[in-house]
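Written out below as structure tokens is the structure these notes cover.
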Amino acid sequence: MLTQRQVVDYSLQRRALLAEVYSGRTGTMEVCDASPYLLRAAKFHGTQTEVPCPVCRKEPLTNVSWVYGDELKHATGSARTAEELAKMATLFDEFTVYVVEVCRTCSWNHLVQSYVLGKRGLEKPRRRTAAE
């Protein structure tokens with residue numbers, strides 16, 4: 001997205017957790033614990049990826065984007081589609097998006113990325129005249 005900034009990637013944390021699972025130090029029941037609300041959000045608001053689930057390898061993962069921000073009021077803490085995020089980025093000054101990957105088969109879920117969207121800081125500085 002054009003206004004995406006302050007991007008944080010959680011792939012190293014994901015890799016470490018999966019290494020724990022593959023080695024047997026962490027059980028799959030501990031990491032495959034998506035709530036029914038998250039699974040429902042993945043079904044209706046998620047974007048399917050081509051990445052297979054790292055735990056069950058049965059189906060592709062679905063990315064769900066959650067929005068948080070003071071300016072969002074009642075919409076904070078809700079899942080949004082990419083189209084809704086693009087529209088919200090033009091309406092609100094600033095809000096944070098958290099992208100969670102979810103497997104709808106085994107309930108694996110992990111925070112993938114977070115970033116800030118909104119109009120704040122995008123206004124072009126006004127050119128000053130010689131008199132100013």
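Excluded from the calculations below are hydrogen atoms, water molecules and symmetry mates; all remaining heavy atoms, backbone and side chain alike, are included. In this chain, residues are counted from 1 in sequence order.
The backbone N or O of Y10 lies less than 3.5 Å from no partner atom in the side chain of Q13, so there is not a single donor-acceptor pair. Distance alone, capped at 3.5 Å, is enough to place a donor-acceptor pair between the N109 side chain and the S107 backbone. For the pair T76 (side chain) and K73 (backbone), a donor-acceptor distance under 3.5 Å is absent.
Using cut-offs of 30° and 60° for the angle between ring planes, the W66 and Y37 rings count as tilted. Between F95 and F92, the ring planes lie perpendicular to each other; the angle is over 60°, past the 30° to 60° tilted range.
The shortest non-hydrogen separation linking G77 to Y68 is CA-CE2, 3.3 Å. Of all the heavy atoms in Q48 and P60, the pair that sits closest is NE2-CG, 3.2 Å. Closest of all the heavy-atom pairs between R80 and A75 is NH2-CB, 3.4 Å. The shortest heavy-atom contact between E30 and T26 is OE1-CG2, 3.8 Å.
Cluster membership for V64 and V7, using ILVMFWY side-chain heavy atoms within less than 4.5 angstrom, is not shared. W108 and L39 fall into different hydrophobic clusters, where Ile, Leu, Val, Met, Phe, Trp and Tyr side chains are chained together by heavy-atom contacts under 4.5 Å. L18 is connected to V51 through a chain of hydrophobic side-chain contacts under 4.5 Å among Ile, Leu, Val, Met, Phe, Trp and Tyr, so both are in one cluster. Each of V112 and L61 belongs to its own hydrophobic cluster when Ile, Leu, Val, Met, Phe, Trp and Tyr are linked at side-chain heavy-atom distances under 4.5 angstrom. By the rule that hydrophobic residues join a cluster once side-chain heavy atoms approach within less than 4.5 Å of another member, L111 and Y115 end up as members of separate clusters.
Here the CG atom belonging to L91 is positioned 9.5 Å from the CD atom belonging to E71, to the nearest 0.5 angstrom. From T81, atom OG1 reaches atom NZ of K87 across 10.5 Å, with rounding to the nearest 0.5 Å. Within the model, atoms OG1 of T62 and CG of L38 stand 10.0 Å from one another, a figure rounded to the nearest 0.5 Å. Here the OG1 atom belonging to T105 is positioned 7.0 Å from the NZ atom belonging to K58, to the nearest 0.5 angstrom. Note that CD of E101 and CZ of R14 are 4.0 Å apart. Values are rounded to the nearest 0.5 Å.
A heavy-atom distance below 4.5 Å is found between the side chains of V55 and C32. Side chains of L72 and M88 form a contact here, defined as non-hydrogen atoms less than 4.5 Å apart. The closest side-chain heavy-atom distance from L85 to S65 is below 4.5 Å. The shortest side-chain heavy-atom distance between Q4 and Q113 falls under the 4.5 Å cut-off. Here the side chains of P54 and H110 are not in contact, with every heavy-atom distance at 4.5 Å or above. Contact annotation: the side chain of V116 approaches that of E94 to within less than 4.5 Å [non-hydrogen atoms, C-beta and beyond].
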Notebook entry, point to check: Can you check side chain to side chain contact (heavy atoms under 4.5 Å, CB included) on C103 and E59, steps first, answer last?
Noted result: CA-CA 7 Å; C103 175; E59 79 169 60; 4.1 Å; yes
